[in-house]
Amino acid sequence: MSWNDFKEALASRVAAVPGVGKTYTYWPLSSDASTSPKFKATFGKDGVLNFWAIQRTGFSREKCPDDDSRYLVTHDIRMTAVRALQEGPVAESEFQATLDAVGADFKSGDRTLGGLVNTLSIPGFGSISEVTFGGGVAAYKAEASFRVEEIES
Amino acid sequence: MIESRVEDIGSALIEWFAPRVSSLGLVSFAWHPQMRISPVYPADPRTQCPRAYLRVTQVGYVPGRTLGCQEATLVCQCSIWIQLRQTPGQQHQRLLVSALDIFQTALLQTEWRLDGLAVEGLSELKATSSEFRVLDELDHSLDDPALRVSSGELSLILEGRLRG
């Protein structure tokens, strides 16, 4: 197993949570994205900028303490959620609810991604910020970090 | 010629216990492959637990009473470690004590005599002490509650006669 073997399962897991927009296993925003005619199609959901990016930021490999022939591989994952800021309280509350829902799904759901990995930690979202995307679209942005563990022979 | 046979005795001890603790459904019951003094977190508790392993800690011989006779009394301290994977909602301490009870019951029912060990020259092997203790659980580094491991130790002092 490797990042490429389970990243799609991870993305599908997140994408299945209600409120989550388009989900990518890489950072999808390029420098020319704002001028791209496909901007909304790429980053939007129901006409609103709403996408999630799941990226591996690092990994480590160490021997299992009781078995020299096996290794614990730990992948550090960063999950970034972006949603367009709109007038009124609805957009922000929806964004907050989606973050809660994703956190709850990891807390109570299968931690093995259907048996692909040994386990994963529960994501914790840090501070939520307001940023600008794609030609001036103000958006909420939140990041969560967590780990995925595999056992490798 | 008399020979020290602790390795054979350890292996025979595992064979003696194995059918008597079969209800535990142990995935493995063997010599501890490592040298560590306390239980180690298994690489994969889902497939490796429940498991038991033997760790010999100290061995001594007392010479036989008649000089020139090829005879010695063996005193062996050893432990059997038991590890169970915990899953949420279980009564973890009760399950571990229950598992240790099965080992202890095997000794109680034979009055601590470990007869029938197939070790050449060994006779009258018995446990002069058997006690168990429940240890701290071993947590998974990512704190998955389904991957915590309960560990317990059955400490034994064995005594037997070895002849050449």
Side-chain angles (χ1 to χ4, degrees), chain A residues 1-3 5-7 9-10 13-14 54 56-79 102-126 144-153, chain B residues 10 14 26-57 78-90 92 96 99 135-154:
Chain A
M1 281 292 150
S2 67
W3 162 242
D5 293 319
F6 69 80
K7 67 182 183 182
L10 196 54
R13 167 78 171 271
V14 174
I54 300 166
R56 183 172 75 163
T57 57
F59 70 97
S60 64
R61 181 179 276 111
E62 61 184 59
K63 273 186 182 171
C64 293
D66 82 328
D67 188 344
D68 290 340
S69 67
R70 293 203 267 191
Y71 291 82
L72 287 176
V73 184
T74 306
H75 305 267
D76 295 314
I77 309 293
R78 181 175 62 213
M79 185 159 62
V102 170
D105 180 78
F106 275 84
K107 186 186 87 175
S108 59
D110 171 34
R111 286 205 187 190
T112 70
L113 298 176
L116 287 176
V117 300
N118 188 38
T119 189
L120 46 80
S121 61
I122 300 171
F125 286 94
S145 297
F146 61 102
R147 289 188 151 172
V148 175
E149 183 187 275
E150 297 179 274
I151 298 169
E152 191 178 79
S153 295
Chain B
I14 292 169
L26 297 174
V27 174
S28 65
F29 185 9
W31 283 83
H32 189 355
Q34 309 272 344
M35 293 299 296
R36 298 181 199 220
I37 201 164
S38 52
V40 177
Y41 190 87
D44 184 0
R46 287 192 186 91
T47 59
Q48 290 179 269
C49 291
R51 69 176 180 176
Y53 48 85
L54 174 73
R55 184 173 187 280
V56 172
T57 47
C78 60
S79 293
I80 294 173
W81 298 101
I82 298 159
Q83 293 191 301
L84 310 178
R85 180 170 76 93
Q86 298 180 3
T87 55
Q90 289 180 326
H92 308 305
L96 184 65
L135 304 167
D136 278 353
E137 66 187 4
L138 299 172
D139 294 327
H140 186 272
S141 59
L142 299 186
D143 198 28
D144 185 339
L147 291 177
R148 292 178 187 146
V149 174
S150 307
S151 299
E153 177 188 15
L154 176 70

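Sequence lines set the chain letters: A, B, ... in the order given, protein chains first and strands last, and positions in each chain run from 1.
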Checklist entry - Would you say A:Phe125 has more than 12 foreign heavy atoms packed within less than 6.0 Å of its CZ? => result yes
Next on the checklist: Heavy-atom pairs under 4.5 Å with chain A - which of B:Ala146, B:Pro33, B:Pro42 has more of them than the others?
Outcome noted: B:Pro42
Could you list every donor-acceptor pair linking chain B to chain A (distance under 3.5 Å, backbone and side chains)?
| unit_1 | atom_1 | unit_2 | atom_2 | d |
| --- | --- | --- | --- | --- |
| B:Gln34 | NE2 | A:Asp66 | O | 3.4 |
| B:Arg36 | NH2 | A:Pro65 | O | 3.4 |
| B:Ala43 | N | A:Asp66 | OD1 | 3.0 |
| B:Arg46 | NH1 | A:Asn118 | O | 2.9 |
| B:Arg46 | NH1 | A:Asn118 | OD1 | 2.9 |
| B:Arg46 | NH2 | A:Asn118 | O | 3.2 |
| B:Gln48 | OE1 | A:Arg70 | NH2 | 3.2 |
| B:Arg51 | NH1 | A:Asp66 | OD2 | 2.8 |
| B:Arg51 | NH2 | A:Asp66 | OD2 | 3.2 |
| B:His140 | NE2 | A:Glu149 | OE1 | 3.2 |
| B:His140 | NE2 | A:Glu149 | OE2 | 2.8 |
| B:Asp144 | OD2 | A:Thr119 | OG1 | 2.5 |

Item to check | Engaged part of A:Ile122 at the chain B interface, taking heavy atoms whose separation is under 4.5 Å | outcome: neither
